[in-house]
Amino acid sequence: MSCVLSEINPSRITSSSASVLLNFYLERLHDQPSVGELAKGLLALLKSDRLTKTEASAIASRIFEEINLQTYQQSVRNNIYRIIELLMQKCGEQLQEDAANFLPAYIQAMDGEKDPRNLVIAFGLVRDILRVFDIGDNAEDVCNVLFAYFPITFKPPPDDPYGITTEDLRDGLRNCLVASPLIADFAIPALLEKLASSNPTAKRDAMDVLALGTLTYPPIAFKPHIQTIWELAKEDIMKAQDNSEEQRQVLSFLRSIAKGFSTNTWSSTSKGEEALSLFLTEALEECLQHLKEPESKLARISGKILTTLIEASDPCCHQVVGVAAPSLFQLLQGELSSTGRNAVVEDLVDFVSGGRILYGSRAEVSNREDVDADSSPFLQHKDLLLDIFSVTAQTPNETGIRITGLRGMVALALSRDLLAEAELRNVIIQLQRFLVDDSEELVSDAALQAVADVCRHVPTLIMQNTIPLLFSEARDLSLTPDRFARTMESIEVIAIETETSANVVLAELLSLFFERVKALSGNESLDDVAMTSLLAILGTIQGILQTRMEHVLNPSYAQTRASAAENDKDPGLAVAEALLEATITAAIARDPSTANQALSDVEIVNNVAEIISTAIRISDVQHSTEFVRRIFATFFGNKLSEFVKNSVQDSQMLRFEPLKRNATESAARVVPILLSAVTAITPATQLPLSSPSDFLYSLSAEAIASPSPRHGACLSKIAAVILNKWDRGGQLSHRVENDICPELETYLDGDGPLVVPALVAYAWLARALVLKSSKLGMKMASKLISVLGNNATSKLGIEALETLLSDSEDVISKQNAAVIKPLYKQKLFTTLLPIINEGIRTASSERIRHNYLVVLSKLIKSAPNHIIIPELAQLLPTLFTSLTYPDEVLQGSVIDIFHLLLAEAASMLTPHISSLIPVLLDLANHRRNPRSMNVRSQSLDCLQAMPASIRYDILHPHVKRVLAQLDSCLDDPKKSVRRVAVACKGRWLFLTKD
Amino acid sequence: MSDLQNANPTIYTPTPVPTTRKARKVFTGKAKKQPKGVMHGDVPVDGMEVDADTDADSGVDVEEIDAEEVFDLIRNINDPEHPLTLEQLNVAQPHLITVTNPPTPSPTDSTALPHIDVRIVPTIPHCSMATLIGLCVRVRLMRCLPRRYKVDVRVREGSHASEEQVNKQLNDKERVAAAMENQSLLDVVNRCLATAVESEVVA
């Protein structure tokens with residue numbers, strides 16, 4: 001019948017039949033064996049919603065009368081809890097009237113409940129009961145029952161089907177304990193007892209509950225215990241390790257307690273304040289006592305405690321600062337060791353920073369109502385604090401203290417409504433002095449960070465003061481290269497803080513660059529100093545654009561930018577355009593002036609190319625398409641007027657055909673710019689070419705024929721990028737397959753002078769296709785492997801394959817919006833592995849075998865772990881052979897593979913440990929392997945990883961030998977190897993102690 | 001807490017020694033390093049190494065062990081009483097370590113032996129832990145330094161009430177060996193050294 005009831009549509013049960021059924025059920029409750037089914041039926045009845053409230057409330061009393069709940073099995077108990085839960089929902093009021101009976105009965109019923117599934121419901125019930133009911137005299141019983149469960153030590157069994165976690169139970173219990181103010185008198189002492197226990201879980205849970213309890217429990221209940229709370233917390237925190245999890249726990253507990261006391265609903269009455277001030281007085285007294293010996297361990301902790309309290313709330317902050325700050329000031333006036341002084345100033349800095357957390361930062365809109373920065377207790381001390389910090393920052397010869405002082409100045413400067421405009425300006429000027437004039441690197445680093453921090457919040461002042469100062473420094477031609485680089489670095493760090501500052505700085509940097517180039521005109525020849533500074537300026541521009549690019553990827557930033565970019569010109573492209581004009585003008589100038597030489601220097605051009613590529617990437621589609629069109633027109637269509645504004649007379653102009661094999665040297669040098677343009681734009685942009693496939697063909701032909709390898713390689717790269725990104729409808733790869741490949745392959749198979757350029761072009765085109773996982777690409781990759789067998793080109797073959805396998809971000813990569821198929825590595829691996837294996841097997845000479853082994857190690861390194869690990873079992877013998885070749889690079893990469901195996905699939909290596917350990921020990925020994933320290937330290941690293949990943953019983957037979965042999969590694973001539981050896985030995989030593 | 005000998009020791013901020021100081025990044029105009037190799041247009045040299053970067057650091061110059069390196073070995077040892085390191089308590093200080101690397105070591109001439117002398121400074125003059133700390137330092141150095149070094153561990157002059165006794169105990173081979181056979185003592189020592197080992201593994 002119960003089953004029927006639970007299945008049936010509730011509307012089919014009439015209220016009269018429901019009441020009949022109910023009576024029947026309640027009558028039968030005394031019949032123990034049928035209680036289970038009865039509970040089901042009752043639950044169904046209740047769910048059907050056909051019972052009147054009085055009828056329903058009768059259920060509860062009958063249940064408690066008849067049933068001794070804990071004698072039944074779990075499912076029955078579960079149903080009963082759910083019945084009570086429903087009753088609470090439906091007829092809470094009736095039950096409330098009957099609270100005097102209901103409560104004790106319920107509490108007795110749930111006492112001893114052990115099943116987690118039931119407990120979750122039962123705790124929820126207790127919470128609701130406590131919230132609504134007048135528990136009156138039963139508070140103590142409730143507490144007793146609840147504390148039987150405290151702390152929750154439940155550990156869910158593995159693959160628990162019910163999905164009940166420790167957290168569910170803990171939260172349930174916690175909510176019960178803080179549900180009513182009425183149980184406070186009993187709960188607080190019990191919690192304190194738990195807090196005093198040595199069980200960490202009990203401690204943590206007790207702290208959580210107490211912290212929450214401050215919000216509901218009346219302060220008067222806390223009052224007698226405040227001292228104990230402080231004592232216990234203090235003891236815990238003093239014992240905890242610095243910066244440990246326990247320490248943070250106690251600190252956050254103290255913060256919540258203080259916060260709770262100040263925001264408690266009772267706090268308007270004097271009781272709340274009293275509790276708070278009592279607590280603070282206790283804490284302050286103790287902490288101030290410790291602070292008198294500022295260098296001691298307890299003083300450090302006291303400083304942390306006070307900072308935490310400052311962060312907690314406005315009244316706390318007032319009381320703590322009011323008492324602690326003067327006493328610290330007093331300490332500073334007395335005799336102190338430098339460590340002590342540093343500690344005191346550090347505490348003050350922490351106080352101010354804590355205040356900043358509470359009251360908010362400068363120029364920031366506060367959304368907190370409970371605090372008012374105008375009333376900050378720091379206001380009355382600010383002059384003194386500023387004084388202390390700036391004097392500290394100037395302490396001679398004490399780097400650590402000086403940095404603390406700087407931190408203090410920043411903390412003051414950034415606090416909300418603390419410093420007036422003039423005072424802030426003063427601080428900035430002081431910081432600038434440290435930045436520019438300080439001889440101690442660490443201090444000026446700290447000052448730079450400080451200025452950047454200030455700039456983030458108040459950019460205008462920095463832009464008005466610091467940036468002009470730095471630029472006037474940069475214009476000083478007598479500056480040493482180091483100082484110049486340093487100034488540039490400072491400019492960059494500050495500029496990237498806000499967008500406006502970045503734009504201003506970019507324009508400024510550009511004019512600085514041209515000033516410097518102009519200054520070269522008078523010189524006879526290029527000097528290194530001038531070149532480094534030019535490169536430094538370009539590097540700074542690039543750095544600023546790069547940071548912006550990282551921002552652009554951030555969607556919230558992109559939106560604000562979109563609205564800003566509409567009206568004005570893109571600042572990145574403006575810089576790019578100016579630089580492009582200058583380089584091209586220099587490339588076509590017949591007059592080889594020093595300035596022109598500088599501008600067409602390989603490195604400068606490469607940097608310019610880099611900037612152009614970044615600028616294209618960060619500008620919007622419309623601008624970048626137009627820009628690329630103009631670049632193409634210049635390089636391809638020979639329309640120099642696109643960029644070169646001042647018309648140059650033909651007689652003074654060199655030929656500009658950069659894409660031809662017979663390009664002039666200076667024209668050939670600017671080709672990287674075209675490369676950077678094609679790499680930067682996305683495949684969605686239409687290329688301004690009439691026939692891409694003809695273009696591709698001519699590019700590869702010119703690339704092979706070009707007398708300059710660099711020019712040729714660059715042209716090959718352009719061809720590869722175009723092949724990868726704009727192969728619409730397979731036209732390009734078709735052309736490659738039919739025309740380009742056969743031609744290149746004839747060169748490859750021959751022995752002529754064109755082998756190298758052909759190989760370069762072939763490898764780049766292959767990479768373009770392999771990344772798209774195309775069949776032709778795989779064919780070309782296999783062809784490259786076969787090149788290895790040819791003695792004349794084997795070294796080159798390795799490099800070509802490296803190009804294919806590398807994850808380099810250069811040219812064709814994800815960052816450059818290349819077309820990359822997700823599984824291409826897998827496909828490449830499975831295509832190449834058999835060919836390489838075959839090659840190793842049939843190699844006609846050791847040298848060729850060596851080549852194959854090198855390629856194998858590279859292939860393994862490049863492929864994702866989940867593909868190679870299953871294959872490695874068969875490859876292990878080959879890899880062991882590789883270790884015997886005296887090629888440190890090969891050895892290194894093979895050791896890396898072993899290291900990877902240790903981390904990912906140690907079990908596979910387990911059977912080979914006994915052969916691996918001696919080999920590694922040999923390689924790690926500096927007497928037997930004196931040449932390569934990298935291999936030595938890699939071997940040691942690999943050995944070091946063993947104890948953590950290989951079972952002890954496997955390693956045990958080797959321990960003695962390893963330890964003995966490691967001794968000689970401790971005497972390695974290289975420091976870094978010794979360090980690894982020490983770590984490695986430590987691992988193995990402690991292995992024996994396990 | 002009352003059973004601690006020195007419940008509230010002074011903590012020192014570790015002074016940045018060159019080994020801990022971060023290598024300052026060299027600002028070389030942030031431009032990306034241009035890729036090298038035949039594939040990027042470099043002229044191939046016959047017999048060119050595949051990776052040219054490795055020979056720079058594979059030189060055969062010997063970097064002798066110095067005071068800093070020894071300090072690095074012992075700085076992270078934990079004090080037996082506190083969760084603090086010897087460095088934080090100023091028990092070990094880099095300038096109290098002397099390393100002598102004679103150019104021509106000879107087994108007969110005792111002044112020409114490689115020698116390391118470490119002085120430790122107990123936090124308070126009657127600290128009974130001084131011997132234990134010294135033992136930890138000695139064991140650590142025994143495990144981590146090449147055997148050819150003779151190691152002396154002493155307390156700094158005038159820093160301990162029973163200086164001579166402690167020194168005698170620490171530098172008596174037999175007594176150190178005997179101490180290492182005492183399992184409970186060994187456990188304590190290993191516990192103190194564990195932090196030193198951990199810090200290396202992280203690094």
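Keep in mind the model is a prediction, meaning the values are calculated, not measured.
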- Tightest non-hydrogen contact, residues A:K975 and B:E68, listed as NZ-OE1, 4.2 Å
- Query: What closest approach, in Å, do A:L970 and B:R143 show between heavy atoms, and which atom pair accounts for it?
  - Reply: CD1-O, 3.3 Å
- chain A contact via B:I65 - side chain, backbone, both or neither, heavy atoms under 4.5 Å: both
- Query: Given that the side chain runs from C-beta out, which part of B:D66 has a heavy atom under 4.5 Å from chain A: side chain, backbone, both or neither?
  - Reply: side chain
- Message: Can you tell me which portion of A:A763 sits under 4.5 Å from chain B's heavy atoms? Options are side chain, backbone, both or neither.
- Response: side chain
- Task: With side-chain contact (heavy atoms from CB on, under 4.5 Å) as the test, would you mind laying out the steps for B:E63 and A:D972 before giving the verdict?
- Result: CA-CA 9 Å; B:E63 295 166 359; A:D972 200 277; over 6 Å; no
Straight-line distance of [X] [atom1] to [Y] [atom2], nearest 0.5 Å:
{"X": "B:D72", "Y": "A:R978", "atom1": "CG", "atom2": "CZ", "answer": "11.0 Å"}
{"X": "B:L145", "Y": "A:D971", "atom1": "CG", "atom2": "CG", "answer": "9.5 Å"}
{"X": "B:C144", "Y": "A:L966", "atom1": "SG", "atom2": "CG", "answer": "10.5 Å"}

- Query: Who passes ring pair (Phe, Tyr, Trp, His ring centres under 6.0 Å) against A:H850, sequence neighbours left out?
  - Reply: A:Y885
- Query: Heavy-atom count around B:R175 CZ within 6.0 Å, excluding the residue itself: above 12?
  - Reply: yes
- Message: For residues 116-130 of chain B, which residue pairs pass the salt bridge (charged side-chain N to carboxylate O under 4.0 Å, His left out) check, not counting sequence neighbours?
- Response: B:D117-B:R119, B:D117-B:R154, B:R119-B:E157
